[in-house]
Amino acid sequence: MAQKANFSNIYKFYDFINTVLTLGFDRSWRSKASSHISGKQVLDLGSGTGAAYEQLQNLEVTAIDPDENMLRLNKFQNKIIGGAEDLPFPDNSFDSVYCAFVWRNVKEPLKGLKEVHRILRPGGKFILLDMTRPKNKFLKSLHKIGTFKITFLIGLLTFNLKEYRFLHKSLDKYPQPEEYFNTHPFKYCNIERMGLFNFVYQAVFEK
Ligand SMILES: C[S@@+](CC[C@H](N)C(=O)[O-])C[C@H]1O[C@@H](n2cnc3c(N)ncnc32)[C@H](O)[C@@H]1O
């Protein structure tokens, strides 16, 4: 199984490398995902450096992340250290939870889903954006080779081979989202693929 990435080592150039890795498309994926947000009180789960600031800045956002270094660069005002598996909020606290490029890091994903469900108000949305592998076998192989080479090169250039190798390996950590999100405590879950080769997905859950 893939190891956990230590984002403390790469936080300074995380945003730049992220833009390179996604060819700048992450902005449009974030916009699309954030358009599903309902209500004003939003939790940005695994907020990191606050890459979603542009999309969420007009909402009442609480940013949460286990990595203090990432949070230090985060522009949101309300910042809390913590992780998906144990959210430090009472039941029914938020209208929506937004979570981008995080879920592959969560050690106990089902526990995380239950926690998000608990802190959402009835009718609240959980919007999860992440990368996966393409469904098509041929495209999947191409994608594997591509991510191996790109993450290896970036890892070498930034002296953080382990962290970038994690990004490549973590794409195979869980099954395809359509199968993986079969079990959840929500009323429904709608999954949509995006990006070149469909290697990005958004999952929108409603409590
Ligand atoms: C790839 S970054 C994504 C950051 C930001 N959401 C974005 O869109 O750029 C992954 C983030 O997930 C955080 N993370 C790792 N484990 C987590 C967990 N169990 N719960 C919440 N966040 C976690 C990391 O510290 C890191 O900041």
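Whatever order the structure lists ligands and atoms in, that order sets their numbers, starting from 1. This is a predicted model, so every value here is computed, not measured.
Using modelled atom types and a 3.5 Å distance limit, the side chains of Asn78 and Thr62 yield a donor-acceptor pair. Thr132 and Arg193 form no side-chain donor-acceptor contact under 3.5 Å, judged by distance and modelled atom types alone.
Under a 4.0 Å criterion applied to the non-hydrogen atoms of Glu85, ligand 1 contributes the atoms 19 (N). Residue Val102 approaches ligand 1 through these ligand atoms, each under 4.0 Å from one of its heavy atoms: 6 (N), 12 (O), 21 (C), 22 (N), 23 (C). Atoms of ligand 1 lying under 4.0 Å from at least one heavy atom of Ala51, given by number and element, are 7 (C), 9 (O). Set against the non-hydrogen atoms of Ala84, the atoms of ligand 1 under 4.0 Å away are 18 (C), 19 (N), 20 (N), 21 (C). When each atom of ligand 1 is checked for a heavy atom of Gly83 under 4.0 Å away, the hits are 20 (N), 21 (C). Of all the atoms in ligand 1, the ones that sit under 4.0 Å from a non-hydrogen atom of Gly48 are 27 (O). Those atoms of ligand 1 with a heavy atom of Phe101 less than 4.0 angstrom away are 1 (C), 2 (S), 3 (C), 8 (O), 10 (C). Applying the 4.0 Å criterion to heavy atoms of Asp67 picks out, from ligand 1, the atoms 25 (O).
Close N/O approach between Ala100 and ligand 1 is found [any backbone or side-chain N/O within under 3.5 Å]. Below 3.5 Å of separation, one finds an N or O of Gly46 facing an N or O of ligand 1. Residue Lys107 places no N or O, backbone or side chain, under 3.5 Å from any N or O of ligand 1. For ligand 1, the polar-atom distance check finds no N/O of Asp44 at less than 3.5 Å from any of the ligand's N/O atoms.
Residue contacts with ligand 1 do not include Ala52, since none of its heavy atoms lies under 4.0 Å from the ligand.
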Exercise. Starting from the C-alpha separation in whole Å, work towards a yes-or-no answer on salt bridge (charged side-chain N to carboxylate O under 4.0 Å, His left out) for Glu206 and Lys187.
Key: CA-CA 6 Å; Glu206 187 180 321; Lys187 210 154 64 185; 3.3 Å; yes
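By the criterion of a heavy-atom distance under 4.0 Å, the side chain of Pro66, and not its backbone, is placed next to ligand 1.
When all heavy atoms of Gln176 and Lys135 are compared, the closest pair comes out as OE1-CG, 4.0 Å. The shortest heavy-atom contact between Met194 and Lys32 is SD-CD, 3.5 Å.
Ring-plane geometry between Trp29 and Phe199 is classed as perpendicular, the angle between the planes exceeding 60 degrees on a 0 to 90 degree scale with a lower cut at 30. Ring geometry for His143 against Phe197 counts as perpendicular: the plane angle is over 60°, on a 0 to 90° scale with 30° as the lower cut.
Note: His117 and Phe186 meet the aromatic proximity criterion, with ring centroids under 6.0 Å apart.
We find the OG1-CZ distance between Thr49 and Arg72 to be 13.5 Å, quoted to the nearest 0.5 Å.
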